[in-house]
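Predicted model, so just to flag it, every value in this text is computed and none were measured. Order of the sequence lines fixes the chain letters, A, B, ..., with proteins taken first and strands second; residue numbering starts at 1 for each chain.
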Amino acid sequence: MERLRQRADFLAVANNGARVNTAAFTVQARRRDDQGPPRIGFTVSKKNGTATERNRIRRRLRELVRRIDDVAPDDIAPNKMALRPHNDYVLIGRRPALSRDFKTMLDDLRTSLDRLDRQTAKARP
RNA sequence: UCAGUCGGCCGGACGGCCGCUCCGGCAAGCACCGAAAGGUCGUCGGAGAGGAAAGUCCGGGCUCCAUUGACAUGCGGUGCCGGAUAACAUCCGGCGGGGGCAACCCUAGGGAAAGUGCCACAGAGAACGAACCGCCCGCCCUGCGGCGCAAGCUGCGAGGGCGAGUAAGGGUGAAAAGGUGCGGUAAGAGCGCACCGCGGUUCCGGCAACGGAACCGGCAUGGUAAACCCCACCGGGAGCAAGACCGAAUAGGGACGGUUACGCGGGCAGUUCGCGGAAUGCGACAACGCCCGCGGGAGCGAUGUCAGGCUCGCCGUCCGGGUAGGUUGCAGGAGGUCGCGCGCAAGCGCGAUCCCAGAGGAAUGGCCGUCACGUAUCGUGCCGCGCGACCGGCGCGGUGCCCUACAGAACCCGGCUUACAGGCCGGCUGAUGCU
């Protein structure tokens, strides 16, 4: 996956306004005006714990993003769940991400992405 | 067997599926991102967190800046001795002091006769040596007793007063001016003596810290230096966000060219310079900049003219600095392992062998399975004492829980400190039992 690495990119996504909260993380999204693949960044601030715990949160979030395309339930159209190209996403980790069930978090991410899609569709008619 | 003490080590294992980062080989289109610098994408093989990676408390390497050298002063640090080391506040081996039956542990351990300060409370007294209660002596008064007819004489483990002696005892304190004992004395006192302590000298042992012995001195020097201070030794500053290279967009700077398109005057500034003992004094200077004024010019309002206003250069090419960003520094090192030698040891030397993380919004992971370990509980077998109950120990089986503590490299090393579930190994000491 393409990663966001520069501070300016993170600020751009944060200022876009499209965001969805779940128990374990917050998702922010921003549409770019180019033809590149989706890019994603992770933010886990210091208030979430020690360096070891923050590492673990980021790794589980990263694994979520990697798995999002793999196994889509049959009852939902797969292209609706995936990360969209020419979009930037930022996942902000929270402390429950340390211990929350992995499959539950995967469902969380799917519904969040779905809601983000509808938000951005509403925002730019 | 129990209790203790010291040292060392490990810090889940194996497997499956799907991934991440780096290195090396091969292959490489000119595809993708970017204005550029540069980065991304394939395949095969290999490697990929710790004992503390942590705190950032010391010591170095490395980098840049500063620096003629030496001395002095200031500031900071270190502080028994010897050794190890690149260096250290570290380590090793000793010494002194303190604690423990012992193994062993603790120790910021120079100087208090250079000077200054402080020593609360209690207590009479806390430092140019004190005298409260006492003890003792002398004198006087009172009291009591004896002798005497009386005046008086005389005695007293009695009371009081005055004067002198004393520091043994009591009491206060963290500490009371050497300690204990004997002698001595009116009572006492290093006043004398013995031992201990202290100080000095000499000798012996030791590289040294220091230890031992002999002799001398009657005792002089209270404590506090993590109070100031004194002495000895050490120390430039900042850090990989160091530093090096590449380098936009935008704004701003310079040069040249084009365009008629700027010129002049004054003021301001300041770790500046000169004069001066000095001033807020006098004088000088100024690239760039800021302000004011004068003259000229250009542009702007639908257009022309006049008056007034506003703005002040524009275009092109090149150059330099520098920001975002990129690359590098950045993984072969005071390196690991093994062997031999030297050393009590810390460690050192020689030889062989190995290459062992390198991210950058930060790789080393996610989801599972099996097993081990631990723990709880249930069932069952054996042992204890002949049996039963209870209890304890051991074994087997089932189930549940934890399915693992502290914790994540960030330029690199040597240390220190702090955190840590559970476990393993070894040395030593004490007590007890058996032979």
Table of protein N/O atoms under 3.5 Å from nucleotides 402-410 of chain B N/O atoms:
unit_1	atom_1	unit_2	atom_2	d
B/G408	OP2	A/Thr52	N	3.4
B/G408	OP2	A/Thr52	OG1	3.0
B/G408	N7	A/Asn55	ND2	3.2
B/G408	O6	A/Arg59	NH1	3.2

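Here the CZ-OG distance, from A/Arg19 to A/Ser112, works out to 12.0 Å after rounding to the nearest 0.5 Å.
In B/G51 the O4'-C1'-N dihedral to the base is within 90° of 0, which defines a syn nucleotide. Its glycosidic angle being more than 90° from 0, B/C228 falls on the anti side. In this entry the base of B/G48 is anti relative to its sugar, with a glycosidic angle more than 90° from 0. Glycosidic conformation of B/A151 is anti; the angle lies outside 90° of 0. Applying the 90° criterion around 0 to the glycosidic angle, B/G100 comes out anti.
Between A/Arg58 and B/G366 there is no side-chain polar atom (N or O) within less than 4.0 angstrom of OP1 or OP2.
Per the geometry, CZ belonging to A/Phe42 stands 13 Å off C1' belonging to B/G19, to the nearest Å. In this structure, A/Ile57 atom CD1 and B/G361 atom P are separated by 19 Å, rounded to whole Å. Between the CD atom of A/Glu63 and the P atom of B/A363 there is a distance of 14 Å, given to the nearest Å. Spacing between atom CG of A/Leu64 and atom P of B/C367 amounts to 9 Å, rounded to whole angstrom units. Between A/Ile92 atom CD1 and B/G361 atom P there is a gap of 17 Å when expressed in whole angstrom units. Taking atom CD1 of A/Ile40 as the reference point, atom C1' of B/C20 lies 15 Å away to the nearest angstrom.
Summarising the base pairing, B/G143 is matched to B/C156 through a Watson-Crick or G-U wobble pair whose two defining distances lie under 3.5 Å. Partner assigned to B/C416 is B/G55, using Watson-Crick or G-U wobble distances below 3.5 angstrom. Under the Watson-Crick and G-U wobble criteria, each requiring two contacts below 3.5 Å, nucleotide B/A238 is paired to B/U63. In this entry B/G395 has B/U380 as its Watson-Crick or G-U wobble partner, both defining distances falling under 3.5 Å. Of all nucleotides present, only B/A255 satisfies the Watson-Crick or G-U wobble test against B/U317, with each distance under 3.5 Å. The nucleotide B/C340 finds its pairing partner in B/G349, both defining distances of the Watson-Crick or G-U wobble pair being shorter than 3.5 Å. Base pairing annotation: B/A220 forms no Watson-Crick or G-U wobble pair, as no partner gives both donor-acceptor distances under 3.5 Å. A 3.5 Å limit on both hydrogen-bonding distances identifies no Watson-Crick or G-U partner for B/U280.
In terms of the side-chain hydrogen bond (donor to acceptor under 3.5 Å, both in side chains) criterion, A/Arg60 has no residue partners (sequence neighbours excluded). When the side chain to side chain contact (heavy atoms under 4.5 Å, CB included) test is applied to A/Thr43, the partners found at least two apart in sequence or on another chain are A/Phe10, A/Val90, A/Ile92. Residues that satisfy the side chain to side chain contact (heavy atoms under 4.5 Å, CB included) test with A/Thr50, not counting sequence neighbours, are A/Thr52, A/Glu53. Taking A/Arg59 as the reference, A/Asn55, A/Arg62 meet the side chain to side chain contact (heavy atoms under 4.5 Å, CB included) condition, with sequence neighbours excluded.
For the P atom pair drawn from B/A209 and B/G82, the interatomic distance equals 9 Å after rounding to whole Å. Rounded to whole Å, the C1' atom of B/C330 lies 48 Å from the corresponding atom of B/U375. Here the separation of B/A324 from B/A251, taken at their C1' atoms, is 14 Å to the nearest Å. Taking atom P on both nucleotides, B/G206 is separated from B/C57 by 48 Å, rounded to a whole Å. When the C1' atom is used for both B/C290 and B/C273, the distance is 24 Å, rounded to whole Å. Using atom C1' as the reference point in both B/G4 and B/C81, the two lie 33 Å apart (nearest Å). Of the C1' atoms belonging to B/C434 and B/G97, the separation is 45 Å, rounded to the nearest Å. The separation of B/U404 from B/C368, taken at their P atoms, amounts to 13 Å, rounded to a whole angstrom.
Side-chain contact between A/Arg115 and A/Val27: absent, with no pair of heavy atoms (C-beta onward) separated by less than 4.5 Å.
Evaluated for a side-chain contact (heavy atoms from CB on, under 4.5 Å) with A/Leu91, the options A/Thr26, A/Ile40, A/Thr22 yield exactly one hit, A/Ile40. The side-chain contact (heavy atoms from CB on, under 4.5 Å) test with A/Phe25 is passed by exactly one of A/Val20, A/Val44, A/Asp108: A/Asp108.
Position along RNA chain B of the nearest nucleotide to A/Arg60 versus A/Val44 favours A/Val44 as the more 5'-ward residue.
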List the steps and the verdict of side chain to side chain contact (heavy atoms under 4.5 Å, CB included) for A/Val65 and A/Phe42. CA-CA 10 Å; A/Val65 172; A/Phe42 300 94; 4.0 Å; yes
